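Below you'll find the structure, written out as structure tokens, and then a few comments.
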Amino acid sequence: MFRRVGNWIEERTGIGELISPVMSHLVPRGSSWMYVFGSATLFAFILQIVTGIALSFVYVPSSTQAYESLKFITENSALDHFLRSVHYFGASAMILMVGLHMLRTFLFASYKYPREASWMSGTVLLFLTLAMGFTGQILRWDQTAIWSVVVGAQQAGYVPLIGPALARFMLAGESLGGQTLSQFFALHVFVFPVLIGALLGPHLWMVIRNGISEPPKRGKPVDPRTYNKEYHELLEKDGVPFWPDAAWRDVAFAVAMIVAIVGLAIVMGPPHLVDAPNPTNLVTTPKPDWYLLWYFGVLALIPHAWTPYIIIGGPGVVFLTLFLMPLFARAGERHPFRRPWALGTVAVVVVTIAAFWSLATWEPWSPRYEAPPLSAEVVGNVSAEAQHGAQLFHDKGCIECHRIGNDGGFRGPDLTNVGNRLDDKELTWRIANGGYNMPSFAKILSAKELNDLVAFLETRKPTLSAESK
Amino acid sequence: MTDKPTSPTAEGGSPQHGPEGDPGRRKFLARVSVALGAFAGLLVGLPVLGAVLKPMVAREPRVWRNVGAVDDFKVGTTVAVSYENGATKPWAGVTGKTAAYLRRDGASEFTCFTVNCSHLGCPVRWEQSADLFMCPCHGGVYYSNGDVAAGPPPRPLARYPVRVRGGNVEIQTTPLPIDGRVPGPS
């Protein structure tokens, strides 16, 4: 019965005819677990579409109501809470998988002939995926979200010539307003997913057309004149059908990924909503989600004069380098151990991102507004002038960037033992003049205040601090 | 599978010998089809693109907004004020508002600073006792007159036009300062 229905459908649609070559096409033996990240990205994308559509049934994309609807989703409805959570961890997984997929492709030099266009479309897909992440964060429409729009518009504003127009496009006007959220909703829900889908078509088609790259062998370089012939000989001699010989790993890994996403979603819950969106509430610390956080750190720590060039030039150069790379390296060795520059580049990039990342979670460059005045215990038994200086150390904002004992910020040097390093003249000079990352306090402090502050800092010597510890 | 599906086009004959087999005519038909398709595409596509991209050239009206009586502000102090944007949509809610820092310099002299750091636009915080604006994002610091004191900001805090009319302080609605600049008053 089923067979007859199947045959009836097949005769009229030819769907089986279309799919069976895809399932049975030969792939090189030895396509190991390293080859699962691309399909995992695809499965994560499908998960995002499904949970995204489901969320759109309950989310209200309105400037005045989006936050309330998200609060309801998060707090009052267990299933929607779960959906939002899965959508968040799905996004994280998709970005992680896209990163691993790119890393594997680069390390195995799979971008070489004849798969250059696969890599190039993949580069665009990578940036579209990040754009999905950013626009998705905006749909949270809380304090962080609206200030992220402002920060995003400001960055777009650095683009030569069309910068201000791009910024107005992001804001949907000259400032934040009723249309801003609709703009991001349309981009996140329609424009970027459609673009991703449109590119995913050829990206996947090329996997069928050119086959997956065989695991690299040392001393077996790619020669575009003979590659296709050798590849097909390899398949005929030693190939295995994609389904199920290779596909089972894709399935197993994707299932593990989805179980992990669901597990994290249940245990961790969706990302925290900060205060309701309010451009007149200025007590806020906007910060992007984890996958863009490291770039936030880059912008804090690059030499200040470079900022305008790095903000646009940085991503622009990265995109162009990635996009054009296969055109300049289409032949030659594929094995990573025969490509020391490629290995070195990966190491440098990974370590750099990790370093900026860990710094950005800690944000040593941000003022610690909430630092309380130094306790009597830390100040110790000092003169009345120095007591007043300790008070000024808090009131004049010194403590927001400088540390004494266990209190204060990290932007400037730790002053716990500054009395040992600098004498009163040096301290006076530094406070009055400021520095690269320090304001000049000459006009802010009176002569007496400066004197008292220096008197306090001169008491910061190890013998005293040893007592207070 | 016994009844192997066959493709109906497979036995359709060579396209070279159809009734409309004249190559010149075929070329003409192809060109006309492409041209007609392009016409229809542009007919709808141009207005669609225009509608989607119109915020890029949007210009909002500049309006003077009253933010309080002159005597509400003490000479020498800086406070945060807020007002409605120039072209607020009814559904914008609170996002149709803009905040600014207002400093009273003298009897009727006021300076109005944007709250947006000139580095990346984060909201700077006014620290009254330290007499400094400090930015939470990347540690930008400004003096009370808006000049850069420390950190990455490339420019002083931008200023909005402010005036005193009939005993009230009025601020002119202005676009969000992109790249730290406020477009001149119009």
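No experiment lies behind these values; they were computed from the predicted model shown. Every chain is numbered from 1 and lettered A, B, ... according to where its sequence line falls, protein lines coming before strand lines.
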- A:Gly177 and B:Ala92: which non-hydrogen atoms are nearest, and at how many Å? C-CB, 4.0 Å

- Note on the structure: The interface call for A:Gln65 against chain B, heavy-atom contacts under 4.5 Å, is neither

- Item | Which atoms of A:Trp141 approach chain B - backbone, side chain, both or neither, heavy atom under 4.5 Å | side chain

- With a 4.5 Å heavy-atom cut-off, do B:Leu120 and A:Ile311 have their side chains touching? yes

- Message: Taking the side chain as everything from C-beta on, heavy atoms only, tell me whether B:Tyr143 gets closer than 4.5 Å to A:Lys443.
- Response: no

- Item | Qualifying ring pair (Phe, Tyr, Trp, His ring centres under 6.0 Å) pairs with a residue from residues 43-96 of chain B, counting only residues at least two apart or across chains | B:Phe73-B:Phe110

- Determine the sole option in B:Pro123, B:Cys137, B:Pro136 for which the side chain to side chain contact (heavy atoms under 4.5 Å, CB included) test with A:Thr284 is passed. B:Pro123

- Does any non-hydrogen side-chain atom of B:Pro154 lie less than 4.5 Å from one of A:Thr307? no

- Item | Contact listing (chain A partner; residues 164-171 of chain B; heavy atom under 4.5 Å) | none

- Message: Suppose the criterion is salt bridge (charged side-chain N to carboxylate O under 4.0 Å, His left out): which pairs have a residue in residues 27-40 of chain B, not counting sequence neighbours?
- Response: none

- Heaviest contributor of heavy-atom pairs below 4.5 Å to chain B, chosen from A:Cys398, A:Gly409, A:Gly397, A:Ser366, is A:Ser366

- Residue-level interface, residues 32-54 of chain B with chain A, non-hydrogen cut-off under 4.5 Å: B:Val52, B:Leu53

- So which of A:Asn278, A:Val283, A:Leu166 has the biggest tally of heavy-atom pairs under 4.5 Å with chain B? A:Val283

- Message: Angle between ring planes, A:Phe296 versus B:His138, binned at 30° and 60°: parallel, tilted or perpendicular?
- Response: tilted

- Among the listed options A:Leu299, A:Asn437, A:Leu282, the residue most often paired with chain B at heavy-atom distances under 4.5 Å: A:Leu282

